[in-house]
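In listed order, ligands and their atoms are each counted from 1. Note that the coordinates shown come from a computational prediction; the quantities given were computed from them, not determined experimentally.
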Amino acid sequence: MKKQLLYVANWKSYLTHNQAIAFCKNNGPELQHLSKHASIVLCPDFTALAHIKPLLGHVCLGAQNCSSFEPGAHTGNVSAASLQEIGVQYCIVGHSERRKNNHETSEDVSKKVMLLLEQGIIPIICVSDNYASELKSIFEKIKNLALHSIVAYEPIQAIGTGKPADTTTITTTLSALKQEFYAHAPNMRISLLYGGSVSPESVQELKTIPHLDGFLIGKASTDFQKLKNIVE
Ligand code: PGA
């Protein structure tokens with residue numbers, strides 16, 4: 001049987017609250033149809049999460065970030081507990097844009113991973129070519145856990161450039177990531193995504209990569225026709 005791939009739409013700040021709702025309303029039936037053959041996760045900004053939830057049907061809801069703290073005195077943060085209450089099923093953590101622009105450390109990311117897992121939310125852990133050091137503090141925390149996490153390999157030079165990494169590099173990195181988890185967190189169930197300039201044009205070749213469980217898609221996922229062409 002053909003493997004059902006996972007498509008995670010990372011809308012970043014491209015779509016505003018109203019645009020995210022309009023996307024779901026305008027493409028409702030087609031989104032339901034697409035999600036019969038693929039697992040689709042839409043990740044709007046925080047303001048749209050609760051509003052698009054009732055429009056999603058079989059499509060899943062994902063957040064783009066969460067607080068690295070428990071609920072408390074942390075102005076401007078959104079806790080994993082809060083995300084769980086509104087029905088968020090997945091959450092992206094450690095995106096390179098946050099590591100760079102918000103000075104997020106791997107230690108911060110590891111705290112987020114734990115808080116999400118405690119809430120039953122599946123973390124989508126973004127890593128770059130620097131994955132060994134990015135994963136170190138995460139492994140210290142999850143080494144004995146038997147839960148499900150997703151790892152998205154996103155080489156920095158491939159994000160938003162229109163030039164995805166080549167399939168050989170992706171294949172090698174995904175098998176190295178598998179090995180890392182086998183060695184440091186053997187009971188964790190891991191799904192592996194690729195992200196960085198995934199488009200209708202690039203995706204066919206990318207789909208031939210062994211061990212690949214799906215894609216993390218930025219810009220192209222904000223255009224429904226492009227998302228549809230990527231999935232189909
Ligand atoms: P891109 O972004 O598809 O626009 O390159 C991917 C990402 O940053 O997750």
Next item on the list: Using a strict cut-off of 4.0 Å, indicate which atoms of ligand 1 neighbour a heavy atom of G196.
Entry: 5 (O)
Note to self: Only heavy atoms of L216, strictly under 4.0 Å: list the atoms of ligand 1 that pass.
What the structure shows: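 It comes down to these atoms of ligand 1: 9 (O).
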Check: Would K141 and E107 count as a salt bridge (Lys or Arg N to Asp or Glu O under 4.0 Å) if you check the C-alpha gap in whole Å, the side-chain angles of each, and the deciding distance to 0.1 Å?
Finding: CA-CA 10 Å; K141 294 201 171 63; E107 180 61 26; 3.2 Å; yes
For [atom], the protein heavy atom that lies nearest, with its residue and separation:
| atom | answer |
| --- | --- |
| atom 3 (O) of ligand 1 | G218 N, 2.9 Å |
| atom 2 (O) of ligand 1 | K12 NZ, 3.3 Å |
| atom 4 (O) of ligand 1 | K219 N, 3.0 Å |
| atom 9 (O) of ligand 1 | E154 OE2, 2.7 Å |

Notebook entry, point to check: Are any of the N or O atoms of G160 closer than 3.5 Å to those of ligand 1?
Noted result: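 There is such a contact, yes.
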Notebook entry, point to check: Any N/O of T161 closer than 3.5 Å to an N/O of ligand 1?
Noted result: no
Note to self: As an exercise, state the distance from CG of N10 to CG of L193, rounded to the nearest 0.5 Å.
What the structure shows: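 Reported to 0.5 Å precision, the distance equals 11.5 Å.
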Margin query: Please report the interatomic distance SG(C60) to OH(Y90), rounded to the nearest 0.5 Å.
Written below: 4.5 Å
Notebook entry, point to check: Is E104 salt-bridged to R98, cutoff N-O under 4.0 Å?
Noted result: yes
Margin query: Taking a cutoff of less than 4.0 Å between a non-hydrogen atom of the residue and any ligand atom, is A220 in contact with ligand 1?
Written below: no
Item checked: ligand 1 contact by G195, heavy-atom criterion under 4.0 angstrom -> no
Margin query: If you define the side chain from C-beta out and look only at heavy atoms, does anything of Q4 sit under 4.5 Å from H37?
Written below: no
Next item on the list: Would you indicate whether the side-chain heavy atoms of I217 and V8 approach each other to under 4.5 Å?
Entry: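 No. Closest side-chain heavy atoms not under 4.5 Å.
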Notebook entry, point to check: Applying a 4.0 Å heavy-atom criterion (strictly less than), which segment of I159 is in contact with ligand 1: side chain, backbone, both, or neither?
Noted result: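 Within the 4.0 Å criterion, I159 contacts ligand 1 through backbone and side-chain atoms alike.
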Note to self: Starting from F46, can I reach V109 by hopping between I/L/V/M/F/W/Y residues whose side chains sit under 4.5 Å apart?
What the structure shows: yes
Notebook entry, point to check: What is the minimum heavy-atom distance between I170 and A165, and which atoms define it?
Noted result: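 Shortest heavy-atom separation between I170 and A165 comes out as CD1-O, 3.5 Å.
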